[in-house]
Amino acid sequence: MKFLKILILFISLQLTAQQGGMWIPSLLEGMNEEEMTSLGSKLSAKDIFDVNKSSLKDAIGHFNGGCTSEVISDKGLILTNHHCGFGQIQSHSSEENDYITNGFWAMNYSEELPNEGLFIEFIIRIEDVTTRVLQGVTSQLSEKEKQSLIDKNSAAINKAASKEEWQGSKIKAFFKGNQYFLFITERFEDVRLVGAPPVSIGKFGSDTDNWVWPRHTGDFSLFRIYADKNNRPAKYHKDNVPYTPKHYLPISLDGVAENDFTLVFGFPGRTNEYLPAAAIEQITQKVNPSNIEIREAALKVIDEAMKNDNKIRIQYASKQARIANYWKKWIGENLGIEKSNAIAKKREFEAKFQVLIKEKGLEETYGSTLSDLEKLYAEFEDVAIKRSNFIEVFIRNNELMHMMFRLYQMESSFKKGEESFNKSKESTIARIQGIHKNYNATLDENVYNAIISFYTDNKDASIYKSTNFTNTNTALEVLQGDAEGVLKKLNDDSAYIYAKPFIEEFYNTINPEYQRINTEINALQKTYMKALMEVMPNERYYPDANSTLRVTYGQVKGYAPRDAVYYNPVTYLDGVIEKYIPGDYEFDVPQKLQDLYAAKDYGQYADSNGKLPICFLGTNHTTGGNSGSPAIDAHGNLVGLNFDRVWEGTMSDMNYDPEICRNIMVDLRYVLFIIDKYAGAHHLIEEMDLVHPKG
Ligand code: ARG
Ligand code: ASP
């Protein structure tokens, strides 16, 4: 009897543990710790997060604000994805020294390459500061007044936070503003490129395989953190030394098997798990389709140009990848929402919620929350689409318009005085130089021609002939001189004259209207969140991702995407060779890798079946920003490197479905194999700590 009870408890824990969730690492004791144990973890909450002694969290760094990275040696060696370090890899590349195509390996410290602007940030401490942030915030205040009080309180808390002088702090809202946490951080700014495989390994399968399983990509790159002589953060200096971390991850050579426990630790960017059906409908049926269309048109032009011109291929590699990534994500997201019937299910759930409100006598407080939200989303629709189209056309896809947008911001800063203008001018110059570093005016003009009609009928490609901003020198020339002179020249520029009315409309009409409704929506989403927790207190609630450190855990598992189809959770080098298309820009395989395959020369990195593992799947709930996150085994060792999700599950940002949502990780043994056998960078392997937890 007792056994049966335990069995039932175990099974139910197993099931609920597959429901997804991105948890706050300082709050794992209680429910999560138990659940993790039921999934096979041998880690305690304190092993993962401890402020008093070193723990796993000390090895996890926010990479440049957008990805995750982890420390893998006592000399500050850092592992992240190839696609996370791609901008840096590209920035050191030229047609002569093409590190994108050939890879890059520093054979000693002196060959490691500095990267201006790149930073890695660690979390020192997390504190719940909800009461202090919400002090004085009453329902009598307007949303605007509430926010300004919250900002004021937050600033005071930040200022008073106890921390070392080299540390930073920030406050973030959780559960839609029902809870606030303070983060004490440490940011390192001397981060050097150590190694990267050729793109044919690091981005094998490219766009065709992106967001797709089965996957065979070695999506990794290596960096190193340098610190000053006291091991503290410092700006780049040649005398800086490799950082000694509080903790680094040992690497398991034993790999994973189906159902093994995995924990993914990182900085997920943004999710929206508590949206009403009306919002999901709007996003998937209105916003996504128009974004997809615009990007599709832009990509057609860019892809064609990249295929035909080697210089353009290198120049636009990073820009193209960024545009293509979310273009494909949105398509998958829409398919998933549709296939899983998510909107209808949400509506059913909302009807149940409505009934419960009545039963619990909470109609007064929450009775109209959902219908009010629905009304607001309806009011939101036109402006949300218009704003999103503007952003796609004027900021994300067309570079000349993007420059005009930045220049307009610069002009606006003049209203705040000369000093503010000069500061803005400096950052605008940097932006424009950044864009021009990899710019092809003809390509950009073709993009303009392909996408402008998605925003306006007023098309005028002649601006490309006469503007100063398609050429680096003439563009910078416009920005020489005092404010008055610069603004005069700017307002004489044909592209600026063309773009300015659109940008003015954006700032004066579209965006304020968007923000007005959005503020109301956010306030109601906050109420809705609170209502959910009150009305259905036994459901699992985890805060939406907000670029803060989170733990997600699950198990290695395959999935069934369609009737009668089951996907195994592990891929092997054999699959790389199966996909090989000689000379293809997506599926070429380097000769050396083919030779190693032919010789089965896998050394200590082979699986117990003699094959070389490449990628594996898990039920960890991840999102953008989790790229580069470590997948950690039951004992705290590194086994995988997170980099993507499966096609059927990209909707997990709005609708996590444990049946089909899977994250994709590179097997660490493939990473080690490439470093060791492919690149011959043995010195890097030597500084790591390789272990055999399975005996
Ligand atoms: N889809 C993954 C993520 O969102 C990987 C993107 C990089 N790969 C690519 N083919 N663009 O970042
Ligand atoms: N590839 C994503 C990233 O770069 C991860 C994901 O969206 O699953 O963070």
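Worth knowing before you read on, the calculation uses all heavy atoms, side chains too, and leaves out hydrogens, waters and symmetry mates. Both ligands and their constituent atoms are indexed starting at 1 by order of listing.
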What residue and heavy atom of the protein are closest to [atom], and at what distance?
atom	value
atom 8 (N) of ligand 1	N210 OD1, 3.8 Å
atom 9 (O) of ligand 2	G625 N, 2.6 Å
atom 3 (C) of ligand 2	S627 OG, 2.3 Å
atom 6 (C) of ligand 1	N325 OD1, 3.3 Å
atom 8 (O) of ligand 2	R645 NE, 2.7 Å
atom 12 (O) of ligand 1	H83 NE2, 3.1 Å

Report yes or no: do [X] and [Y] form a side-chain donor-acceptor pair below 3.5 Å?
X	Y	value
Y605	D667	no
N272	D653	no
N546	T548	yes
N642	N626	no

Lys NZ or Arg CZ of K579 over F587 ring: under 6.0 Å, within 45°: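 That pair does not qualify as a cation-pi contact.
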K319 charged N/C atom sitting above Y316 aromatic ring, 6.0 Å / 45°: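 Yes, a cation-pi geometry.
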Drop me the distance from [X]'s [atom1] to [Y]'s [atom2], to the nearest 0.5 angstrom.
X	Y	atom1	atom2	answer
M22	S652	CE	OG	6.5 Å
L549	I123	CG	CD1	6.0 Å
L222	I72	CG	CD1	5.5 Å

For N626, the ligand 2 atoms whose distance to one of its heavy atoms is below 4.0 Å: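 Matching atoms, with element in brackets: 9 (O).
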Can you tell me which portion of [X] lies within the under-4.0 Å heavy-atom range of ligand 2? Options are side chain, backbone, both, or neither.
X	answer
W211	side chain
T623	backbone
H83	side chain

Atoms of ligand 1 close to S206 [distance to a heavy atom under 4.0 angstrom, numbered from 1]: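 Counting from 1, the qualifying ligand atoms are 10 (N).
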Ligand-residue contact atoms, ligand 1 with D644, heavy atoms, under 4.0 Å: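 What qualifies from ligand 1 is 1 (N), 2 (C).
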C67 N/O under 3.5 Å from ligand 2 N/O: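 The answer is no, given that C67 and ligand 2 share no N or O pair closer than 3.5 Å.
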G66 N/O to ligand 2 N/O under 3.5 Å: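 No, there is no polar N/O contact under 3.5 Å.
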Part of K203 with heavy atoms under 4.0 Å of ligand 1, whether side chain, backbone, both or neither: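 K203 to ligand 1: side-chain contact only, backbone stays beyond 4.0 Å.
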E95 atom CD, over 12 foreign heavy atoms within 6.0 Å: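 Counting other residues, nucleotides and ligands, CD of E95 exceeds 12 neighbours.
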